[in-house]
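For ligands, and for the atoms within them, numbers begin at 1 and follow the listed sequence.
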Amino acid sequence: MECLQNLIDGQLCDAQNGRKLSTPEPATGLDFAQLPDSDAADVDAAVAAAKRAFPAWSAASADARSRCLRRLADLIHRDWELLAHAESRDSGKPLHVARTVDIARARHNFSFFADAATQFASESHSVPGQLNYTLRQPLGPVACISPWNLPLYLLTWKIAPALAAGCTVVAKPSEVTPYTAFLLGKLAIEAGLPPGVLNIVHGAGQTAGAALVSHPDIKAVSFTGSTRVGAGIAAATAGTWKKLSLELGGKNATIIFDDEDLDVAVNEVVRAAFSNQGQICLCGSRILIQANIYEAFKARLIGRTRELRVGDPLDATSDLGALVSAAHFAKVSACIDRARADGGAILCGGGPVRISGRCAQGWFIAPTLIDGLAANCAANQEEIFGPVATLLPFTDEADAIALANGTPYGLAANVWTRDVSRAHRVAERLQAGIVWLNCWMVRDLRTPFGGVKASGVGREGGWEAMRFFTEAKSVTLVY
Ligand code: NAD
């Protein structure tokens, strides 16, 4: 059993109340790690440490901050394999996904914002006799709260820009997948981050998380998680004047037009639907297919999906691993049952997968395709966040856009067409923060990241993130 600790003021420590939470390994269902069940007292200590560290860290040169971030990137690079194993066992995702997506990206987050720290600039507008410029100053101690699906990737996506901008951080990783955040805390000590610059407090959302967002010395909350919890954070912080960035759920459309090469598109469409067991906020879980190619593409989709291998996440041949928890397994199973009851036809998958050996008690579900459902039924409207995708036909461009926009969410979409004009036209009209044309999940970290409608407010990525963690002040000199 791994015993995890908080990082507060440069020291690893248990929760002051001595209590611990347990997390199981999703692939086996067996207890795997114990983490501090932190509460308001630990959050107070972490925020106090972040407040003490802020004056020196915010005054440090961009070069000095950049060097710290670079050292963290290098240490992640050194421990790549160890971190990938930890993430795979903690979250149930295939080891190769942890290696090539999560850890690769965590390292890149630090190296990208190590560069950004030295390149960050603000605007100046001069007219004869007058100089106007924008001073961007770090906010102070900020909260970074992340979910369980891409644990180290999303936590570092927040921590890195906050530190680069000169803020100090209290991070609250998901209690469901805490292991790599604990390892990051150890690396932060090794990298020589000054005490209090980065604090990591483990624990439940309702206790540690709630205490953190409502702490009066926290100047901003950068949150990624469910729309329900995000709405609660917006309500809890109303009137406190904290800055908020909320990255929430999605019900993303994949749109396939009839001029697309179906054999090319099918591999990426299946990857978009089922990567990380469908537990990526950006997964294309509603597959909209132009009616005249519906049957042809459906057949390809079923064929490719049936080839996916569900198995032990540590086995290199597994395409899909386990769902993250028993509760999430039950939720996704209930969504499939509901779709069936609503008249959906299960084209493939549709239930649990039994794996023999070490994973006999794990939470595995077969990649599932469903069609025959109305656009307004639960499976087409609510986020399932599992290996389940629905298929819907559309007639023309306008119909595709109406269907894609017809949910409360607006995070991402991917569009497949060889017609470049149409691709741009559709991208413009989609209510989504991120649109991929003839690709999925290709990211340039300089571009903004975030959703519209119930998928959130605020933008992460590149300068947007650096700006979020600073206060803009307008200064005018008349001479
Ligand atoms: P969640 O909302 O249950 O938890 C997210 C984090 O918030 C966890 O660390 C949790 O402990 C904490 N939390 C819970 N209650 C809190 C409270 N009252 N105050 C403060 N913190 C609290 O989400 P989850 O189940 O971990 O993650 C899955 C969800 O995250 C999905 O809806 C998915 O779409 C979304 N997500 C969004 C993005 C994005 O970029 N938009 C990325 C990944 C995941």
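When side chains are defined from C-beta on, Ile233 counts as touching Val221, because their heavy atoms get closer than 4.5 Å. In this structure, the side chains of Asp102 and Lys93 come closer than 4.5 Å at one or more pairs of heavy atoms. Counting only heavy atoms from C-beta outward, the side chains of Phe468 and Trp463 never approach each other to under 4.5 Å. At least one side-chain heavy atom of Arg467 sits less than 4.5 Å from a side-chain heavy atom of Arg136.
Annotation: atom 27 (O) of ligand 1 to nearest protein heavy atom, Pro147 CB, 3.2 Å. Remark: minimum distance from atom 26 (O) of ligand 1 to any protein heavy atom is reached at Trp148 CD1, 3.0 Å. Atom 14 (C) of ligand 1 has Gly205 CA, 3.4 Å as its closest protein atom, hydrogens excluded (heavy atom only). Counting only heavy atoms of the protein, atom 31 (C) of ligand 1 lies nearest to Glu383 OE1, 3.4 Å. Nearest protein heavy-atom neighbour of atom 12 (C) of ligand 1: Ile145 CG2, 3.8 Å. What sits closest to atom 28 (C) of ligand 1 on the protein, heavy atoms only, is Phe385 CE2, 3.7 Å. In terms of protein heavy atoms, atom 42 (C) of ligand 1 is closest to Cys281 SG, 2.9 Å. Scanning all protein heavy atoms for the shortest distance to atom 7 (O) of ligand 1 gives Phe223 CE1, 3.2 Å.
Atoms of ligand 1 found under 4.0 Å from any heavy atom of Glu247 (numbered from 1 in listed order, with element): 37 (C), 39 (C), 40 (O), 41 (N). Within ligand 1, the atoms closer than 4.0 Å to a non-hydrogen atom of Ala210 are 19 (N), 20 (C), numbered from 1 in the order shown. Below 4.0 Å from some heavy atom of Phe449 lie the following atoms of ligand 1, by number and element: 40 (O). The distance from ligand 1 to the heavy atoms of Gly209 drops below 4.0 Å at these ligand atoms: 19 (N), 20 (C), 21 (N). Taking every non-hydrogen atom of Leu154 and a distance limit under 4.0 Å, the qualifying atoms of ligand 1 come out as 42 (C), 43 (C). Which parts of ligand 1 touch Pro173 is read off a 4.0 Å heavy-atom cut-off, strictly below it: atoms 9 (O).
Judged by distance alone, the side chains of Asp39 and Asn17 do bring a donor and an acceptor atom under 3.5 Å apart. Ser146 and Lys158 share no side-chain donor-acceptor pair at under 3.5 Å. A donor-acceptor pair shorter than 3.5 Å can be found between the side chains of Thr180 and Glu87. Side-chain contact annotation: Asn380 with Arg286, donor-acceptor N/O pair under 3.5 Å absent. No side-chain donor-acceptor contact under 3.5 Å links Thr390 and Asp371.
Salt bridge status for Glu268 with Arg271: present, with a side-chain N to carboxylate O gap under 4.0 Å. Here Arg89 pairs with Glu25 in a salt bridge; the nearest charged N to carboxylate O distance falls below 4.0 Å.
Using a 30° and 60° split on the angle between ring planes, Trp436 and Trp440 fall in the perpendicular class, above 60°.
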(message) As a quick check of understanding, evaluate side chain to side chain donor-acceptor pair (under 3.5 Å) for Glu2 and Tyr179, giving each step before the final call.
(response) CA-CA 8 Å; Glu2 307 288 337; Tyr179 191 16; 3.0 Å; yes
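A pairwise comparison of heavy atoms in Ser111 and Ala73 identifies N-CB, 3.8 Å as the closest pair. Taking each heavy atom of Pro36 and Leu4 in turn, the nearest pair found is CD-O, 3.3 Å.
Not a single heavy atom of Gly232 sits less than 4.0 Å from an atom of ligand 1. The shell of residues lying under 4.0 angstrom from ligand 1, judged by heavy atoms, includes Ser174.
Distances from atom 5 (C) of ligand 1 to the heavy atoms of Val229, Thr224, Leu212 put Thr224 nearest.
Atom 24 (P) of ligand 1 is flagged as protein-proximal [any protein heavy atom, distance under 4.0 Å].
Ligand 1 has an N or O atom lying under 3.5 Å from an N or O atom of Gly225, backbone or side chain. Between Glu175 and ligand 1, at least one N/O pair is under 3.5 Å apart. Among the atoms of Asn149, none of the N or O lies under 3.5 angstrom from an N or O of ligand 1. Looking at ligand 1, you'll find an N or O of Ser146 within less than 3.5 Å of one of its N or O atoms. Some N or O of Leu248 is nearer than 3.5 Å to an N or O of ligand 1, by distance alone. Considering backbone and side-chain atoms alike, Ser226 places an N or O below 3.5 Å from some N or O of ligand 1. Taking distance alone, with nitrogen or oxygen atoms compared against 3.5 Å, Lys172 approaches ligand 1 more closely than that limit.
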